[in-house]
Amino acid sequence: LLIIWVFFSCNESYTPKPRAFFKFNLPTKIYSATDINCNFSFERPIYSKISHKNSNCSFDLVFPNQNSTLHVTYVALENDLYKHIEASRNLAYKHNRMADAIAEVEFENNEFDVTGLMYNYNGNTATSTQFYLTDSVNHFFRGALYLNSEITDSLLPINNFLKKDIIHLIETFRWKEQ
């Protein structure tokens, strides 16, 4: 009886299952204007929340359902644009050891006097995107997106989803008249 059971129980060959990833239910992209008392404005996703820091114009844009935070800093320039650009570049390239590649993307909106640079990272880094925007005379605005977990292939959909939100923020960014 044991021999018959052994011969007839294994008539199918085993096929390994493919590696699975998490399924993410990402929200519909809907944006609203920011309502903060600062020298700038932009549109942010409605599924994000502003968490103010000590300074009114430095804050976190928190994405609670995506477990991510965009850290934002605003500085009024005092003939020190080069210092802030270099500090931003140093912070961006601090992740160079872990990143497989860092791509720089320039932004320029002459109509609203907004120029800037975005750093996109490939590989296992603490941040996936950093950027700065300036009018080159009075204002400097910097942001860094951090996912609150290690960026892996399985989180790539969330990472790409939030990068599109950051690009939208940059494209709708405006300096307010003083």
Side-chain angles (χ1 to χ4, degrees), residues 34 36-45 47-110 112-176:
T34 54
I36 54 177
N37 189 21
C38 294
N39 295 332
F40 53 84
S41 67
F42 58 87
E43 291 183 359
R44 68 177 180 87
Y47 43 85
S48 65
K49 297 177 183 176
I50 294 178
S51 173
H52 289 281
K53 296 180 184 176
N54 295 338
S55 169
N56 286 344
C57 294
S58 293
F59 55 89
D60 289 339
L61 192 59
V62 180
F63 300 91
N65 292 337
Q66 290 75 31
N67 198 22
S68 304
T69 304
L70 178 67
H71 300 283
V72 173
T73 305
Y74 169 79
V75 178
L77 294 177
E78 299 173 2
N79 293 323
D80 56 354
L81 175 64
Y82 179 77
K83 176 181 97 171
H84 292 291
I85 288 176
E86 282 305 305
S88 183
R89 182 182 311 278
N90 288 339
L91 286 169
Y93 279 93
K94 189 172 154 182
H95 301 277
N96 195 27
R97 289 182 295 170
M98 296 301 291
D100 296 334
I102 300 175
E104 295 181 2
V105 179
E106 293 181 17
F107 285 93
E108 187 172 348
N109 186 336
N110 292 328
F112 297 105
D113 199 22
V114 178
T115 59
L117 188 64
M118 183 168 72
Y119 302 94
N120 287 317
Y121 299 86
N122 291 330
N124 274 345
T125 59
T127 181
S128 65
T129 303
Q130 293 189 28
F131 68 93
Y132 69 83
L133 302 170
T134 184
D135 68 350
S136 301
V137 178
N138 298 309
H139 310 288
F140 191 83
F141 181 89
R142 182 178 187 287
L145 177 66
Y146 288 91
L147 277 69
N148 297 330
S149 58
E150 185 178 312
I151 298 174
T152 61
D153 289 343
S154 63
L155 293 179
L156 195 57
I158 289 178
N159 188 27
N160 292 337
F161 180 81
L162 294 176
K163 279 185 182 183
K164 289 178 185 174
D165 290 334
I166 290 173
I167 291 170
H168 185 83
L169 180 154
I170 292 169
E171 290 173 343
T172 60
F173 193 89
R174 309 287 185 263
W175 302 113
K176 291 182 180 175

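Quantities reported herein were computed from a predicted structural model and do not represent experimental measurements.
H139 is not listed as a side-chain neighbour of K176, based on a closest heavy-atom distance of 4.5 Å or more. Side-chain contact between D165 and Y47 is present, with heavy atoms from C-beta onward closer than 4.5 Å. No side-chain heavy atom of V105 sits less than 4.5 Å from a side-chain heavy atom of I167. At a threshold of 4.5 Å between non-hydrogen side-chain atoms, the residues L147 and N67 do not count as touching.
Not a single donor-acceptor pair under 3.5 Å links the side chain of D60 to the backbone N or O of V62. A donor-acceptor pair under 3.5 Å is absent between the side-chain atoms of T69 and the main chain of H71, judged by distance alone. In this structure, the side chain of T34 engages the main chain of F42 through a donor-acceptor pair within 3.5 Å.
Atom-to-atom distance recorded for Q130:CD and R142:CZ is 4.5 Å, nearest 0.5 angstrom. Atoms NZ and OH, from K163 and Y121 in turn, are 10.0 Å apart once rounded to the nearest 0.5 Å. For the atom pair OG1 of T129 and CD1 of I102, the computed distance is 11.5 Å after rounding to the nearest 0.5 Å. Residue Y119 holds its OH atom at 9.5 Å from CG of L91, rounded to the nearest 0.5 Å. Remark: N39 CG to N138 CG distance equals 8.5 Å, nearest 0.5 Å. The CZ atom of R44 lies 4.5 Å from the CD1 atom of I50; values are rounded to the nearest 0.5 Å.
Nearest heavy-atom pair, L162 versus S68, reported as atom, atom and distance to 0.1 Å: CD1-OG, 3.3 Å. Smallest separation of non-hydrogen atoms from E108 and N110: OE2-OD1, 2.9 Å. Taking all atoms of both residues into account, the shortest heavy-atom contact from R174 to E171 is NH1-O, 3.1 Å. Of all the heavy atoms in T115 and S136, the pair that sits closest is OG1-OG, 4.1 Å.
Between F141 and F173, the two ring planes are tilted [angle within 30° to 60°]. Using the six-membered ring where Trp is involved, F40 and Y74 have ring planes that are tilted, between 30° and 60° apart.
Classification of E78 and K83 as a salt-bridged pair fails, no side-chain N sitting under 4.0 Å from a carboxylate O.
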Assess whether side chain to side chain contact (heavy atoms under 4.5 Å, CB included) is satisfied between L70 and F131, documenting all intermediate values. CA-CA 10 Å; L70 178 67; F131 68 93; 4.0 Å; yes
Go through it in stages, so that I can follow the logic: the residues are W175 and V114, the test is side chain to side chain contact (heavy atoms under 4.5 Å, CB included), and I'd like the CA-CA distance, side-chain angles, deciding distance and then a yes or no. CA-CA 8 Å; W175 302 113; V114 178; 3.5 Å; yes
What do the steps show when you test S88 against F140 for side chain to side chain contact (heavy atoms under 4.5 Å, CB included), and what is the final call? CA-CA 10 Å; S88 183; F140 191 83; 4.1 Å; yes
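Annotation for E106: atom CD does not count as buried by contact number, only 12 or fewer foreign heavy atoms lying within 6.0 Å. Within a 6.0 Å radius of CG in N79, no more than 12 heavy atoms belonging to other residues, nucleotides or ligands are found.
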